[in-house]
Novice: 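Shown below is the structure under consideration.
Position 1 is the first residue of the sequence, and the numbers go up from there. Please read all numbers here as calculations on a predicted model, not as lab measurements.
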Amino acid sequence: MQIHRIRGNDLKDALQRARRQYGEGALVISHERTADGGVSLAVAERSSGGAAAVVAAQQPEPLAPPVDPAAFDGVRERLARSGCSAEWIDRMVERASAAATADQHPMDGFGAFIGRELRIAHLPKSQGVTRVVAFVGNTGVGKTTGLAKLGARLVRGQRLVGLATLDSRRVGAVEQARAYAELLGAPVRALRPDQVLTAEALGAAGRDVVLLDTTGRPQSDAPQLAALQRELGREGADARLDTFLVFPASTSRAALREVTEAYGDLRLSGCVITKLDETREPGPVLEHVMETGLPLAFVSDGQDLGRDFHRATPDLVADLFLLGRLA
Ligand SMILES: Nc1nc2c(ncn2[C@@H]2O[C@H](COP(=O)(O)OP(=O)(O)O)[C@@H](O)[C@H]2O)c(=O)[nH]1
Ligand SMILES: [Mg+2]
């Protein structure tokens with residue numbers, strides 16, 4: 001009997017993935033929570049008559065007959081208009097049509113399918129410890145404004161927020177951080193690029209969340225965050241770090257791959273997509289997110305601090321693929 005690992009956003013999602021990949025008879029041997037809040041399953045593939053017999057009692061209703069793939073021509077057209085690659089469209093439409101039911105409009109069927117396929121980041125509230133949320137990525141992609149937008153959401157939700165920034169050398173950067181801090185009514189720490197980061201240095205005491213901004217230079221950001229990860233990973237640490245990689249929707253596939261590589265050694269909790277208002281073709285960035293397997297946490301579609309920052313949801317993901325924008 002072969003054992004496979006399946007990861008999902010939650011138990012239901014992981015079970016659906018296991019069934020899709022290994023069939024209705026897949027036997028779940030164990031499940032556990034992962035560090036990013038998802039679920040990991042150990043699944044045994046049904047390979048012999050004996051194993052099948054064990055599973056037979058748990059077999060759910062047989063699936064409806066598959067839908068004719070030609071019914072998905074409209075979906076293909078939409079995906080092409082959103083900038084998805086031909087190869088990716090072929091692959092996904094084949095799987096979506098196999099999973100669709102006859103009573104479902106192909107557009108809804110594909111929306112539901114892709115909403116399950118692209119992982120959404122879970123951000124569980126951790127009781128008693130400060131959550132440090134860091135955004136990394138190239139310069140100009142929307143890290144600083146994204147954190148300010150997230151800060152505005154958190155403040156509206158009555159959370160005690162602090163700001164900290166590694167971007168303290170660039171002309172005007174600290175002033176920008178102070179201006180956002182003032183707007184949010186939050187304290188701010190400007191940190192040196194060579195500073196050893198600790199919960200104390202970040203001003204974590206008494207804060208629910210510390211938003212940690214970075215410079216956009218992986219050579220200095222990545223080692224500092226890796227050291228902070230180790231520091232906060234210690235038993236009994238009073239803060240935990242979640243690092244998100246920020247992808248602008250308006251950039252090339254090659255640039256997306258390069259930046260992902262540049263931060264590849266960090267333990268990432270997920271990603272953020274910005275600048276969705278600057279393109280009608282978010283296909284490349286969405287495909288890239290799926291390829292990396294990074295759970296999507298937030299998306300941004302404009303410069304407005306209060307309005308243009310959204311928590312990722314399966315419906316929102318489906319709209320991006322099928323409409324090229326948020327509904
Ligand atoms: N149109 C648009 N502009 C954005 C978005 N997010 C950020 N920006 C703008 O992009 C510019 C750079 O953003 P900033 O947060 O300073 O980028 P950083 O260098 O990564 O910190 C600023 O003018 C932001 O207002 C977005 O979703 N849409
Ligand atoms: Mg910045």
Novice: Over all heavy atoms of both residues, which pair between K143 and D213 is shortest? Give the atoms and the distance, please.
Specialist: CB-OD1, 3.8 Å

Novice: Looking at OG of S82 and CD1 of I89, how far apart are the two atoms once the value is rounded to the nearest 0.5 Å?
Specialist: 8.5 Å

Novice: Hey, mind stepping through T313 and D315 against side-chain hydrogen bond (donor to acceptor under 3.5 Å, both in side chains) and telling me if it holds?
Specialist: CA-CA 5 Å; T313 64; D315 284 348; 5.5 Å; no

Novice: Do the non-hydrogen side-chain atoms of R119 and N9 ever get within less than 4.5 Å of each other?
Specialist: yes

Novice: Inspect the surroundings of CG in D265 and state if more than 12 heavy atoms from other residues, nucleotides or ligands are less than 6.0 Å away.
Specialist: no

Novice: How about T274 and P248: do any of their side-chain heavy atoms sit closer than 4.5 Å?
Specialist: yes

Novice: Just checking Q219: does its CD atom have more than 12 heavy atoms from other residues, nucleotides or ligands closer to it than 6.0 angstrom?
Specialist: yes

Novice: Taking atom CZ of R280 as the centre, report whether more than 12 heavy atoms of other residues, nucleotides or ligands fall under 6.0 Å from it.
Specialist: no

Novice: Side-chain contact test, heavy atoms from C-beta onward, threshold under 4.5 Å: evaluate it for L326 versus D319 and give yes or no.
Specialist: no

Novice: Within the structure provided, determine whether M92 and F110 are in side-chain contact (heavy-atom separation under 4.5 Å).
Specialist: yes

Novice: When hydrophobic residues are tied together by side-chain contacts of less than 4.5 Å, even through go-betweens, does L286 share a cluster with M107?
Specialist: yes

Novice: Quick one: list whatever passes ring-ring contact (aromatic ring centres under 6.0 Å, His included) with H288, sequence neighbours left out.
Specialist: F247

Novice: Who passes salt bridge (charged side-chain N to carboxylate O under 4.0 Å, His left out) against D194, sequence neighbours left out?
Specialist: R192

Novice: So among Q229, R131, R267, which one has a side-chain hydrogen bond (donor to acceptor under 3.5 Å, both in side chains) with D242?
Specialist: R131

Novice: What residues form a side chain to side chain donor-acceptor pair (under 3.5 Å) with R156, not counting sequence neighbours?
Specialist: none

Novice: R207: which residues meet the salt bridge (charged side-chain N to carboxylate O under 4.0 Å, His left out) condition with it, sequence neighbours left out?
Specialist: none

Novice: In this structure, would V174 and L202 fall into the same cluster of hydrophobic residues linked by side-chain contacts under 4.5 Å?
Specialist: no

Novice: Minimum heavy-atom separation for A100 and Q104, please, with both atom names.
Specialist: CA-OE1, 4.1 Å

Novice: So do R81 and E281 actually touch side chain to side chain, heavy atoms under 4.5 Å?
Specialist: no

Novice: At their closest point, which heavy atom of Y263 faces which heavy atom of A222, and how far apart are they?
Specialist: CD2-CB, 4.4 Å

Novice: Please, which pairs that meet salt bridge (charged side-chain N to carboxylate O under 4.0 Å, His left out) have at least one residue in residues 285-299, sequence neighbours excluded?
Specialist: R253-E287

Novice: Please, which pairs that meet ring-ring contact (aromatic ring centres under 6.0 Å, His included) have at least one residue in residues 199-220, sequence neighbours excluded?
Specialist: none

Novice: Would you indicate whether the side-chain heavy atoms of L212 and L225 approach each other to under 4.5 Å?
Specialist: yes

Novice: Does any pair with a residue in residues 294-305 pass side-chain hydrogen bond (donor to acceptor under 3.5 Å, both in side chains), and if so which ones, sequence neighbours excluded?
Specialist: K149-S300, D301-H310

Novice: For S220, which residues count as a side chain to side chain donor-acceptor pair (under 3.5 Å) partner, sequence neighbours excluded?
Specialist: R217

Novice: So does R325 pair up with D277, basic N to acidic O under 4.0 Å?
Specialist: no

Novice: For a quick test of reading the model, state the closest non-hydrogen atom pair linking I114 to V317 and the distance between them.
Specialist: O-CG1, 4.1 Å

Novice: side-chain contact (heavy atoms from CB on, under 4.5 Å) between L197 and L191: does it pass, once the steps are laid out?
Specialist: CA-CA 8 Å; L197 300 184; L191 305 156; 3.9 Å; yes

Novice: Each residue besides V171 in its hydrophobic cluster should be listed here, by chain and number; the cluster joins Ile, Leu, Val, Met, Phe, Trp and Tyr at side-chain heavy-atom distances under 4.5 Å.
Specialist: none

Novice: What pairs of residues pass the salt bridge (charged side-chain N to carboxylate O under 4.0 Å, His left out) test when at least one of them lies in residues 160-181, not counting sequence neighbours?
Specialist: D167-R170

Novice: Quick one: list whatever passes salt bridge (charged side-chain N to carboxylate O under 4.0 Å, His left out) with E87, sequence neighbours left out.
Specialist: R91

Novice: Between S252 and P284, is there a side-chain heavy-atom distance shorter than 4.5 Å?
Specialist: no

Novice: Does atom CD of E94 have more than 12 heavy-atom neighbours from other groups under 6.0 Å away?
Specialist: no

Novice: Checking one residue: L154. Which other hydrophobic residues are in its cluster under the side-chain 4.5 Å linking rule?
Specialist: L123, V133, F135, V141, L147, L150, V155, V161, L163, Y180, L183, L184, V188, V209, L211, F244, V246, V272, F298, L305, F309

Novice: Treating Ile, Leu, Val, Met, Phe, Trp and Tyr as nodes and any side-chain heavy-atom pair under 4.5 angstrom as an edge, say whether V210 and V129 lie in one connected cluster.
Specialist: no

Novice: To check you understand the geometry: which heavy-atom pair defines the closest contact between A201 and Q195, and what is its length?
Specialist: CB-NE2, 4.0 Å

Novice: Do R95 and E117 make a side-chain contact, defined as non-hydrogen atoms from C-beta onward lying under 4.5 Å apart?
Specialist: yes

Novice: Taking all non-hydrogen atoms of both residues into account, name the closest pair between A121 and S269 and its distance.
Specialist: CB-O, 4.4 Å

Novice: Are L160 and L241 connected, step by step, through hydrophobic side chains (Ile, Leu, Val, Met, Phe, Trp, Tyr) whose heavy atoms are closer than 4.5 Å?
Specialist: no

